[in-house]
Amino acid sequence: GDSVTQMEGPVTLSEEAFLTINCTYTATGYPSLFWYVQYPGEGLQLLLKATKADDKGSNKGFEATYRKETTSFHLEKGSVQVSDSAVYFCALSSPNKGSYIPTFGRGTSLIVHP
Amino acid sequence: DAGITQSPRHKVTETGTPVTLRCHQTENHRYMYWYRQDPGHGLRLIHYSYGVKDTDKGEVSDGYSVSRSKTEDFLLTLESATSSQTSVYFCAISESKGSGTEAFFGQGTRLTVV
């Protein structure tokens, strides 16, 4: 079945540092790929997505490129802020019995210190 | 913000008692999902629905049942709660018109079984 593997956290950075959170996936067919973010006490919300190979999703300074050859969708940000502290989930969606059910990774906690 | 309301937001219950969690949406989305979130496991799908009275199991469905009698409501029932069902439960919705469709999440219900 489909699966998503992302690096374990927590990832601890100082403000303005460069961020990479690795994500790889296994899926049949051609899934769409997503990054969701969860702030403390809240539900998940979409951060960015890419629907086909070589697409780059971007939002709020975060970027991720859909790499079919390496089955990866790594999240990057050039300069993190304290307000970026959250849990980040990599996810995919591919057809299954006619439905597109999201499959999530385990989440990576990011802590940014001033 | 997508109109998704989960109730209750917090609940403490005793082992062996039945518990029902409610998810209500105002978006008229076809698909509704119940996930549980646990440390080290990320989000795992319990059950999902692809229409009124149409439901199917996810990867961790044992001990849970669901019902969807109206488009806007999706109920999750623990027939006889156990301590292993202590978790944070999230409802999500999507239109699922294709693999690139994002999911929208509720705020979560924190359930403690003592």
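In what follows, chains are A, B, ... by sequence order, proteins preceding strands, each numbered from 1.
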Next item on the list: Measure B:Leu43 against the heavy atoms of chain A and call it side chain, backbone, both or neither at under 4.5 Å.
Entry: both
Note to self: For chain A, which candidate among B:Gly108, B:Gly40, B:Gly106 shows the most heavy-atom pairs at distances under 4.5 Å?
What the structure shows: B:Gly40
Item checked: B:Glu59 versus chain A, the contacting section by heavy-atom distance below 4.5 Å -> neither
Item checked: Salt bridge flag under 4.0 Å for residues B:Arg68 and B:Asp73 -> no
Next item on the list: Indicate the ring-plane relationship of A:Tyr88 and A:Phe62, choosing parallel, tilted or perpendicular according to the 30° and 60° boundaries.
Entry: tilted
Note to self: Counting only non-hydrogen atoms closer than 4.5 Å, does A:Gln6 touch chain B with its backbone (N, CA, C, O), its side chain (CB onward), both, or neither?
What the structure shows: neither
Note to self: Please identify, among A:Ala91, A:Gly41, A:Gly1, A:Pro102, the residue contributing the most non-hydrogen atom pairs under 4.5 Å to chain B.
What the structure shows: A:Pro102
Note to self: Can you tell me which portion of A:Glu42 sits under 4.5 Å from chain B's heavy atoms? Options are side chain, backbone, both or neither.
What the structure shows: both
Next item on the list: Answer with yes or no whether the side chains of A:Gln38 and B:Gln37 bring together a donor and an acceptor at under 3.5 Å.
Entry: yes
Margin query: Can you confirm whether the side chains of A:Ser58 and A:Glu63 place a donor and an acceptor under 3.5 Å from each other?
Written below: no
Notebook entry, point to check: Quick check: are there more than 12 heavy atoms from other residues, nucleotides or ligands sitting under 6.0 Å from CD of A:Glu8?
Noted result: no
